[in-house]
Protein chains: 2
Amino acid sequence: MDIEDPPIEALDLPHPARDDIALTQVLFALSDPVRLELVREIAAGPKEMAACDALRPDIPKSTRSHMVKVLREAGVLRSEPLGRCRLLQLRRADLEARFPGLLDAVLTRS
Amino acid sequence: MDIEDPPIEALDLPHPARDDIALTQVLFALSDPVRLELVREIAAGPKEMAACDALRPDIPKSTRSHMVKVLREAGVLRSEPLGRCRLLQLRRADLEARFPGLLDAVLTRS
DNA sequence: CATATGGTTCAACTATATTCGAACCATGGA
DNA sequence: TCCATGGTTCGAATATAGTTGAACCATATG
């Protein structure tokens with residue numbers, strides 16, 4: 001029996017460091033209604049991307065992947081491999097540290 | 001909510017009513033660095049548009065007019081005729097009533 | 001291994017936003 | 001009334017963003 005190589009982190013997608021999160025980019029990422037809805041869902045708790053499929057089955061996976069990319073690159077979400085899935089998490093602490101109160105203001109439903 | 005903005009009278013340019021201010025539109029309007037800078041300037045106190053000319057003389061007036069339009073239509077600013085000028089004011093009370101804490105979070109420099 | 005699953009990336013297209021000169025409009029003052 | 005000033009609007013070019021199928025990639029499972 002060969003010893004297996006450690007897992008390749010091939011699908012480790014880039015996330016901005018906390019201090020590199022830019023306000024205008026965050027605002028832009030949240031300025032799309034569908035992306036904002038996605039963020040609200042994830043704010044309720046970490047979600048597998050596949051779970052978001054069920055919520056909006058009308059959106060093709062390539063489109064959804066692009067939406068998540070915009071949010072990830074803005075520093076709003078973290079997207080980590082989890083088995084065959086991806087776990088989406090809101091970067092609450094980072095956003096709160098960088099822009100105190102912003103997330104609450106945006107996520108509060110009125 | 002005790003603080004009331006002065007009523008919007010028959011201005012020649014349309015402003016959304018408080019309840020019609022949409023979060024995503026506000027976020028979008030603020031997501032441009034130059035527009036955000038303009039908002040920060042106006043947040044310090046009402047400004048004549050001409051005064052903004054001095055701050056960024058590189059920007060043509062048609063471009064600046066368009067920037068103000070985006071902010072006005074989003075409900076971020078009020079733009080009132082004042083003699084031959086226009087007075088730009090942040091719609092603080094309306095924004096605070098609609099999205100509490102948002103403005104503070106966005107305008108706080110970090 | 002083969003295959004199904006979950007997701008990314010590519011490429012091409014459509015759609016929306018931005019830019020800015022020029023024309024235009026309104027006001028205040030001489 | 002004429003003119004200068006401050007600003008809007010138009011129009012056309014450019015730039016950026018969104019959408020999507022198809023191809024591709026990694027992993028889990030049989």
On a heavy-atom basis, the closest approach of B/Leu95 and B/Gly75 is CD2-O, 3.9 Å
The nucleotide from C/dT18, C/dG7, D/dG6 with an atom nearest the side chain of B/Val70 is C/dT18
Counting only side-chain nitrogens and oxygens, does B/Arg35 get under 4.0 Å of the OP1 or OP2 atom of C/dT18?
yes
So, does A/Ser65 get its side chain near the phosphate of C/dG7, meaning an N or O under 4.0 Å from OP1 or OP2?
no
Below 4.0 Å: OP1/OP2 of D/dT29 and any side-chain N or O of A/Arg84:
no
Between D/dA17, C/dT18, D/dG21, spot the one nearest the side chain of B/His66, thanks.
C/dT18
Inter-residue atom distance B/Ile21.CD1 - B/Gln25.CD, 0.5 Å rounding
9.5 Å
Give the nucleotide from the list C/dT8, D/dG6, C/dG21 with an atom nearest to the side chain of A/Ser79.
C/dT8
Calculate the interatomic distance between B/Arg72 atom CZ and D/dT9 atom P; express it in whole Å.
7 Å
Any N/O donor-acceptor pair, B/Ser62 side-chain to C/dG21 base, under 3.5 Å
yes
Nearest to side-chain heavy atoms of A/Thr63, which nucleotide of D/dT9, C/dG7, D/dT19:
D/dT19
Could you check whether any side-chain N or O of A/His15 sits under 3.5 Å from a backbone N or O of A/Ser79, counting only pairs where one atom can act as donor and the other as acceptor?
yes
If the test is side-chain contact (heavy atoms from CB on, under 4.5 Å), which one of B/Asp32, B/Leu27, B/Val26 qualifies with A/Leu27?
B/Leu27
